[in-house]
There are 4 protein chains.
Amino acid sequence: MRKRPRQARSKQMVADLIDATARCIVANGLDGTTTPRIAELAGVSVGSLYQYFEDKEALIDALVADRAAAIARGLRQLPVDTAGNLRDMVSGAIGYGFALLRAGDGLYVELIKNWHRMPTDKVADVLQQHFLELARVWFLRHYREYPIENLQVRIFIIVNSTLFTMVRLIADDHPLIPQKEVAEGLTDMIVQYLAVPS
Amino acid sequence: MRKRPRQARSKQMVADLIDATARCIVANGLDGTTTPRIAELAGVSVGSLYQYFEDKEALIDALVADRAAAIARGLRQLPVDTAGNLRDMVSGAIGYGFALLRAGDGLYVELIKNWHRMPTDKVADVLQQHFLELARVWFLRHYREYPIENLQVRIFIIVNSTLFTMVRLIADDHPLIPQKEVAEGLTDMIVQYLAVPS
Amino acid sequence: MRKRPRQARSKQMVADLIDATARCIVANGLDGTTTPRIAELAGVSVGSLYQYFEDKEALIDALVADRAAAIARGLRQLPVDTAGNLRDMVSGAIGYGFALLRAGDGLYVELIKNWHRMPTDKVADVLQQHFLELARVWFLRHYREYPIENLQVRIFIIVNSTLFTMVRLIADDHPLIPQKEVAEGLTDMIVQYLAVPS
Amino acid sequence: MRKRPRQARSKQMVADLIDATARCIVANGLDGTTTPRIAELAGVSVGSLYQYFEDKEALIDALVADRAAAIARGLRQLPVDTAGNLRDMVSGAIGYGFALLRAGDGLYVELIKNWHRMPTDKVADVLQQHFLELARVWFLRHYREYPIENLQVRIFIIVNSTLFTMVRLIADDHPLIPQKEVAEGLTDMIVQYLAVPS
DNA sequence: GATGAATGAGCTTTCATTCAT
DNA sequence: AATGAATGAAAGCTCATTCAT
């Protein structure tokens with residue numbers, strides 16, 4: 001960001017631009033997202049866009065950071081019963097994940113599809129961190145001597161496996177497999193993988 | 001293809017163009033792959049490119065089809081001991097997968113990163129078909145009444161999970177986790193997932 | 001038009017582009033009229049051209065519409081004595097037509113030559129409408145029971161005959177026949193054709 | 001023509017190329033007529049095309065010359081009763097003209113539409129010459145002292161008027177006026193114009 | 001600060017023509 | 001003579017970015 005928006009108006013402008021970027025991606029896809037279109041959707045001039053953001057990439061960066069934070073907030077506020085059953089936790093997380101991806105008119109799906117063109121894969125990082133923490137707490141309660149350092153690898157594998165399997169399913173216009181079965185399959189796989197100490 | 005390559009020279013040209021496309025993708029990424037650059041790398045004029053391929057997309061299609069066929073051939077020629085141990089089979093497949101992705105200077109990684117812009121996701125399909133067949137044969141030998149229809153879902157999950165976890169790891173310039181650990185983790189996860197009948 | 005010209009500068013730009021298009025057609029013919037050439041003649045970049053016009057066709061459309069309107073205006077302001085002699089009216093119209101076609105350095109001739117590639121044949125339509133109206137008024141005054149519905153066919157024949165005969169004459173670099181004789185011939189033909197009720 | 005085709009095979013090739021050009025224009029319009037397409041339709045290579053014709057223009061020239069000759073032949077073989085009634089002669093000629101234009105799948109219409117891009121307007125010349133001759137004979141029989149030099153102007157006007165009025169009507173996909181009425185109108189106009197000595 | 005007109009490099013694609021075979 | 005692969009200039013058009021107002 002070129003300039004810290006100290007005044008309310010500036011903050012509003014930044015927020016508007018990020019929001020317009022999201023709407024533009026939803027409407028036109030990432031490839032169809034152009035700076036003139038974003039500016040138009042935000043109701044400001046292209047010039048203003050460049051007043052607040054170094055370039056187009058910075059704007060998308062900001063959008064991703066924004067959504068990553070929002071997701072992190074959402075995850076933190078999710079009531080998690082760390083005393084409960086592992087399968088229920090995993091199943092719940094996967095259900096929440098599908099719901100999240102289906103929401104936002106495909107914004108998240110489009111962003112994850114294009115993760116390699118994104119600033120940093122902040123969303124995946126956020127999810128990785130969150131579930132790592134969650135798993136840590138849960139295992140601390142249930143298996144006192146669970147090898148924690150191993151957990152990081154497992155979470156990396158689980159988060160990426162789940163995320164991209166979900167996206168691949170959703171992105172398929174005529175999927176041969178129903179979402180419910182994939183959700184159950186993923187749940188089975190994850191629970192078994194986590195439950196068996198290496 | 002616009003013109004069927006009848007003569008030896010034509011066949012060479014088609015092969016050169018596909019090869020140049022591969023090198024261009026490796027060198028410039030899919031977004032940086034332009035018709036002038038491909039033509040230059042192939043050492044021919046842009047016009048020649050369009051003598052053999054309807055458009056840029058057709059050229060990339062041809063590359064993908066070519067590599068998909070090569071991978072399918074490679075997989076078929078892989079010595080597979082269907083009488084053997086499941087874990088060894090899975091571990092071997094994952095090792096082979098990592099080797100394949102590391103080879104070709106990142107061409108496959110770049111193609112899989114951009115799966116949603118590819119002709120059809122031929123590579124993923126090839127892998128899915130192959131492993132589905134493999135698993136079918138193996139389970140027929142070892143668990144006579146394994147629920148086969150469920151296998152399709154499992155293979156979908158496994159192929160996508162593995163593929164994208166691998167790509168995400170390789171695409172990360174400074175991965176915190178060594179490939180060996182991810183390979184072992186994936187193997188664990190898959191073996192357990194496959195071994196337990198639902 | 002992509003962008004409505006709100007500011008004076010924009011209006012000037014649109015006018016300049018249309019003017020440059022006219023000059024380009026005059027200088028290079030319709031086939032030699034390209035977007036780079038138009039932009040160069042207008043003294044702006046190609047990009048600017050596309051800020052104001054959807055595509056090349058839209059620009060040519062605008063030029064034709066502009067000139068059609070100008071011609072319509074010119075025709076309306078022509079002092080017409082509907083009480084007067086038919087031959088004088090026709091003769092005057094033909095003289096005016098020749099003068100118009102000779103003016104503009106051949107722009108009109110080039111446009112009419114290419115009528116079938118024009119937006120709609122706006123120029124011919126304009127002329128047809130105008131002369132239809134004129135003829136209607138004149139005949140209403142002079143022959144109370146002239147078969148009006150027949151008039152439409154006659155005007156169609158007359159306008160096209162006259163227009164293309166004139167253009168063919170003017171387009172001929174070394175015509176064997178002087179314009180004056182063709183003008184008189186056309187006048188004779190039209191007057192006789194109109195005067196005799198079917 | 002680069003080279004006089006002395007041998008039968010060469011003559012055949014030239015004829016084939018001209019025929020292919022005609023078919024190409026009919027199928028793709030003049031703008032869609034490219035040398036590769038012509039060669040393909042003729043069943044020869046582009047190289048051969050350039051062996052017999054200087055360039056694309058020369059080929060189209062040849063086609064026009066060929067058809068002009070054919071039309072001239074057709075006209076000469078038409079039984080004309082120079083002793084007969086003028087209106088019948090004109091009416092017959094116009095009917096013949098419409099039939100000719102409607103025939104050939106639109107080749108003649110396409111050529112006349114693009115007369116200004118044609119070698120020379122050979123077709124119009126042919127028609128002009130023919131009708132001039134015809135008129136001369138007829139008038140010699142009926143009006144001994146008809147001013148012949150005036151006839152040239154009249155024929156010029158009549159041929160162009162008729163030709164382009166017809167083409168404009170045929171080229172209109174949804175003409176408001178039926179062909180029959182235009183044919184009658186043209187006949188009326190021409191007969192009156194010719195009948196009245198200046 | 002805000003604007004939006006203006007830019008221009010660069011992309012994809014076409015096609016008349018040539019020339020080695 | 002015949003072939004057809006190869007050429008490359010040139011077209012239409014896009015869009016991230018700048019800068020005068």
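These figures come from a predicted structure and were not determined experimentally. Order of the sequence lines fixes the chain letters, A, B, ..., with proteins taken first and strands second; residue numbering starts at 1 for each chain.
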*Asks:* Starting at atom CG of B/L49, determine the distance to atom P of E/dC15, rounded to an integer number of angstrom.
*Replies:*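 These atoms are roughly 16 Å apart.
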
*Asks:* Can you tell me if C/K56 uses its side chain to pair, donor with acceptor, with the backbone of C/T33 under 3.5 Å?
*Replies:* yes

*Asks:* Just how far, in rounded Å, is P of F/dT17 from CD1 of A/I60?
*Replies:*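 My rounded result for the distance is 10 Å.
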
*Asks:* Could you list all N or O pairs between the protein and nucleotides 9-11 of chain E that sit under 3.5 Å apart?
*Replies:*
none

*Asks:* Select one nucleotide: of E/dG1, E/dA16, E/dT3, the one nearest the side-chain heavy atoms of D/Y50.
*Replies:* E/dA16

*Asks:* Provide, to the nearest angstrom, the distance between the CZ atom belonging to A/F53 and the P atom belonging to E/dG1.
*Replies:*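 So the CZ-P distance, A/F53 to E/dG1, works out to 13 Å.
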
*Asks:* For DNA chain F, what string of dots and brackets results from 5' to 3' when Watson-Crick and G-U pairs need both distances under 3.5 Å, crossing pairs get [ ], and pairs with another strand get |?
*Replies:* .||||||||||||||||||||

*Asks:* What is the distance, to the nearest angstrom, from the CD1 atom on C/I38 to the C1' atom on F/dG12?
*Replies:*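 Whole-Å distance recorded here is 11 Å.
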
*Asks:* What pairs with B/N114 under side chain to side chain donor-acceptor pair (under 3.5 Å), at least two apart in sequence or on another chain?
*Replies:*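 For B/N114 the side chain to side chain donor-acceptor pair (under 3.5 Å) partners, ignoring immediate neighbours, are A/H116, B/E110, B/R117.
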
*Asks:* Between B/W115 and A/A171, which heavy-atom pair has the shortest distance, and what is it?
*Replies:* CH2-CB, 3.7 Å

*Asks:* Can you name the residues that form a side chain to side chain contact (heavy atoms under 4.5 Å, CB included) with C/S48, not counting sequence neighbours?
*Replies:*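 Only C/M13, C/V44, C/S45 meet the side chain to side chain contact (heavy atoms under 4.5 Å, CB included) criterion with C/S48.
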
*Asks:* Rounded to whole angstroms, how far apart are CD on D/E40 and P on F/dA2?
*Replies:* 19 Å

*Asks:* Roughly how many Å is it from CE in B/M13 to C1' in F/dT7, rounded to a whole number?
*Replies:*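 The answer, rounded to whole Å, is 11 Å.
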
*Asks:* Can you tell me how far P of E/dA16 sits from CZ of D/R117, to the nearest Å?
*Replies:* 12 Å

*Asks:* May I ask you to verify if any side-chain N or O of D/S45 is less than 4.0 angstrom from the OP1 or OP2 atom of F/dT3?
*Replies:*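 Answer is yes, contact under 4.0 Å.
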
*Asks:* Residues in side chain to side chain contact (heavy atoms under 4.5 Å, CB included) with C/E57, at least two apart?
*Replies:* C/D55, C/D61

*Asks:* Is B/Q51 side chain donor-acceptor paired with the F/dA6 base, going by distance under 3.5 Å alone?
*Replies:*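 In this structure, the two groups form a donor-acceptor pair.
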
*Asks:* Just jot down the side chain to side chain contact (heavy atoms under 4.5 Å, CB included) partners of B/N28, sequence neighbours excluded, or say none.
*Replies:*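 B/C24, B/R37.
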
*Asks:* When the distance from CG of D/D31 to C1' of E/dA16 is rounded to whole Å, what number comes out?
*Replies:* 15 Å

*Asks:* Between B/E57 and A/S48, just flag the one whose closest nucleotide in DNA chain E comes earlier from the 5' side.
*Replies:*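 Closest to the 5' end, via its nearest nucleotide, is A/S48.
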
*Asks:* Applying side chain to side chain donor-acceptor pair (under 3.5 Å), name anything that partners A/Q12, two or more places apart in sequence or on another chain.
*Replies:*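 For A/Q12 the side chain to side chain donor-acceptor pair (under 3.5 Å) partners, ignoring immediate neighbours, are A/D16.
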
*Asks:* How many angstroms lie between CD1 in A/I60 and CD1 in A/I25, if you round to the nearest 0.5 Å?
*Replies:*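 Output value for this atom pair is 5.0 Å.
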
*Asks:* Going by the rule side chain to side chain donor-acceptor pair (under 3.5 Å), which residues pair with B/D19 if we only count those two or more places apart in sequence or in a different chain?
*Replies:* B/R23

